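Data first, discussion second: the structure below is written as structure tokens.
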There are 2 protein chains.
Amino acid sequence: MLLAERQNYILEQLNTKGRVSATDLANELAVSEDTVRRDLNKLSDMKLLRRVHGGALPLQLEVPDYADRLEKRNPNKQKLAREAVKYIEPNQTIMLNSGETCRYIAMALPRDLPLTVVSACPLIACELAHHDKIDVILLGGTFFKPALRCLGTIAADMIRKMRFDICFMGLCALHPERGFSAKYIEEAEIMRVTIEQADRTIVMGGHTRLGKVSSHQVVSIHELDLLITNDLAEQTVLDAFGKQGLEIVQIS
Amino acid sequence: MLLAERQNYILEQLNTKGRVSATDLANELAVSEDTVRRDLNKLSDMKLLRRVHGGALPLQLEVPDYADRLEKRNPNKQKLAREAVKYIEPNQTIMLNSGETCRYIAMALPRDLPLTVVSACPLIACELAHHDKIDVILLGGTFFKPALRCLGTIAADMIRKMRFDICFMGLCALHPERGFSAKYIEEAEIMRVTIEQADRTIVMGGHTRLGKVSSHQVVSIHELDLLITNDLAEQTVLDAFGKQGLEIVQIS
DNA sequence: TTTAATCATGCAATATCATGCAACTTGTTT
DNA sequence: AAACAAGTTGCATGATATTGCATGATTAAA
């Protein structure tokens, strides 16, 4: 058996079975595991497969890097996201609602944190396509372009059948009396349903979103659990939130 | 034994056995290994075989196939997609199944063509986010990373409630007798459901996908309506498809 | 945490390779 | 017939590649 024959065999197996194990290949090909490992590494160098511990997987289709576009644009949201990630425990089921801050959360998730992530935003699914430890469930339905997410009865019905340990939502507007409000009525409705299914709701937003009101109310302050904001927020507004039981974390 | 005789013998062996080893050939032909190596190198220069360490292998079409999957902009798939777009009428509801070719279709859709596009692939939704005239419906469910798409009962149930004017699918493997087959069983199942809901099914794929069989059958050739492929496809295979009622378009 | 599997690395034995060279063949010229 | 040129072959040499094993590091899983 020639080296090139072995490599062909490996690629074939990968093509048909979807994965290969170094140990199994060593037995099938009657060579040492070292040799198989060297083959796998060479094929990996040639970009013909993806090497993983114990074997190899087929190359994933290329995912466009939406991350770049966000990376330089908004360090404030990135900071909010990095704080948000701290509240996640391993093996939880979390909802990343949509919006840029939630996408930053997806990007900030540690690569070794096992999770189930639910989202209505296809960008978030793409972002998580390379996370081995994260199962992604995407809500379906009508794709609503202004918010880059799915909405409608289909998505709502899916949500009603789920439960989330934590629901993360980027803020559009948060007001002490008028509560949490959003720009689009369809989005407001589905966010309300989402919050109902969550043990804990964490909202994130810079000081500019606080004390503001947008067109459609989602829920009152009481329904929310934690606000992550920056240190430019006005103390009077924060106090008003605090009195209604909303926990607050400020980052610098 | 003349040089030309030896080389013929080598090519014959390659044809029948699928491989030759320099050492074995030297024994069989009763010449030194150096001579065999020189023969192999000459044949390799003439592009009649693929020289590898220890011997030689037949030229394979598989290799370029692996190679072109890597190209960032795959002009072959782009051409297939541009042809596919021609079959779409305004205001139709079309399904873009998933895979790179379908993504190229999404990119190739004219900006003034009103459509409803359904897909299980979040990348396609993102691609169409800026098309004003196109309504997008995204299938939900478990996000299956190897194929970058949603699968499972949720997606299947959504599909069963829909109807498509045209369903576009990138080919994994298409064989005259074994039909259309796919790599992953979950994907094969949902593709079958999808095709049932479509008035017309158009499959696309380069010549390397034809005459091949993959692990899981989707449907037989009869269930498909049109194949778009390139001009490198073997005529015998195409004829076999044609006899089963599959319309064929070849692009250059 | 502990344990077992998997891995990277260096090493030595072997196999394969490229190169130069001399011997040989073949066909042609003198 | 002898001389020659061009091509081919086998061998010697040193270079390079491949392989299995030993070692210790790293990773995955219990």
Side-chain angles (χ1 to χ4, degrees), chain A residues 1-14 17-60 88-92 109-116 128 130-136, chain B residues 1-14 17-60 63 145-146:
Chain A
M1 169 86 57
L2 303 173
L3 181 150
E5 281 184 282
R6 275 202 319 267
Q7 299 189 343
N8 280 346
Y9 179 84
I10 292 172
L11 290 176
E12 265 173 40
Q13 289 292 306
L14 209 51
K17 303 210 173 143
R19 69 190 173 93
V20 291
S21 126
T23 312
D24 294 349
L25 284 173
N27 291 329
E28 293 165 29
L29 297 166
V31 292
S32 73
E33 295 193 17
D34 303 76
T35 301
V36 169
R37 267 193 283 276
R38 276 187 273 245
D39 286 338
L40 291 177
N41 290 338
K42 279 176 203 160
L43 291 169
S44 172
D45 290 343
M46 289 189 273
K47 305 269 161 79
L48 295 176
L49 50 73
R50 187 163 69 94
R51 188 79 168 85
V52 296
H53 194 93
L57 296 175
L59 279 186
Q60 296 172 326
I88 305 173
E89 304 284 332
N91 299 307
Q92 283 186 329
L109 290 172
R111 300 200 75 81
D112 58 350
L113 178 66
L115 282 180
T116 300
L128 295 175
H130 295 309
H131 273 260
D132 291 338
K133 307 276 184 162
I134 294 182
D135 291 328
V136 179
Chain B
M1 166 99 40
L2 300 175
L3 181 150
E5 284 181 83
R6 275 202 318 271
Q7 297 191 345
N8 280 339
Y9 179 84
I10 291 172
L11 290 175
E12 265 174 42
Q13 290 292 305
L14 208 51
K17 305 211 172 144
R19 62 173 292 243
V20 290
S21 125
T23 313
D24 293 350
L25 283 174
N27 291 329
E28 293 166 28
L29 298 165
V31 291
S32 73
E33 295 195 15
D34 303 76
T35 302
V36 170
R37 267 193 283 276
R38 275 187 272 246
D39 287 339
L40 291 177
N41 289 339
K42 279 175 201 159
L43 291 169
S44 173
D45 290 342
M46 290 189 272
K47 308 266 157 96
L48 294 175
L49 50 74
R50 184 161 73 99
R51 186 77 168 90
V52 297
H53 193 93
L57 295 175
L59 285 178
Q60 297 175 334
V63 177
K145 291 169 193 165

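Labels below follow one simple rule: chain letters A, B, ... track the order of the sequence lines, proteins then strands, and each chain is numbered from 1. Just so we're clear, the structure is a prediction, and the values are computed from it rather than from any experiment.
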Under a 4.5 Å cut-off applied to non-hydrogen side-chain atoms, are I10(B) and L49(B) in contact?
yes
A side-chain contact here means heavy atoms from C-beta on lying under 4.5 Å apart; do L14(B) and L48(B) qualify?
no
In terms of heavy-atom contacts, H53(B) and L2(A) come closest through O-CD2, 3.9 Å
NZ/K42(B): more than 12 non-hydrogen atoms of other groups inside 6.0 Å
yes
Got a second to check how far E28(B)'s CD is from R6(B)'s CZ, nearest 0.5 Å?
13.0 Å
First encountered from the 5' end of DNA chain C, between T23(B) and S21(A)
S21(A)
Categorize V52(B) for me: base, sugar-phosphate, or nothing, with a 4.0 angstrom heavy-atom threshold over every strand shown.
sugar-phosphate
Which comes earlier along DNA chain D counting from the 5' end, the contact point of L3(A) or that of K133(A), where each point is its nearest nucleotide?
L3(A)
Any chance you could measure L40(B), atom CG, to L25(B), atom CG, to the nearest 0.5 Å?
6.0 Å
Starting at atom NZ of K42(A), determine the distance to atom C1' of dT16(D), rounded to an integer number of angstrom.
12 Å
Below 4.0 Å: OP1/OP2 of dT19(D) and any side-chain N or O of S32(A)
no
Look up atom CG in L57(A) and atom CZ in R50(A), then write down how far apart they are to the nearest 0.5 Å.
5.0 Å
Distance check needed: dT13(D) C1' versus R37(B) CZ, whole Å only.
13 Å
Taking any heavy-atom pair under 4.0 Å as a contact, classify D39(A): base, sugar-phosphate, or nothing.
nothing
Within this structure, what is the CD-to-C1' distance between Q7(B) and dT8(D), rounded to whole angstrom?
12 Å
Integer-rounded Å distance: dA15(D) C1' and D34(B) CG
15 Å
Range on DNA chain C touched by chain B, heavy atoms, distance below 4.0 Å:
dT16(C) to dT19(C)
Judged by nearest nucleotide, the residue sitting upstream toward the 5' end of DNA chain C, H53(A) or R38(A), is H53(A)
Value in whole Å for how far the C1' atom of dT23(D) lies from CD of E33(A):
16 Å
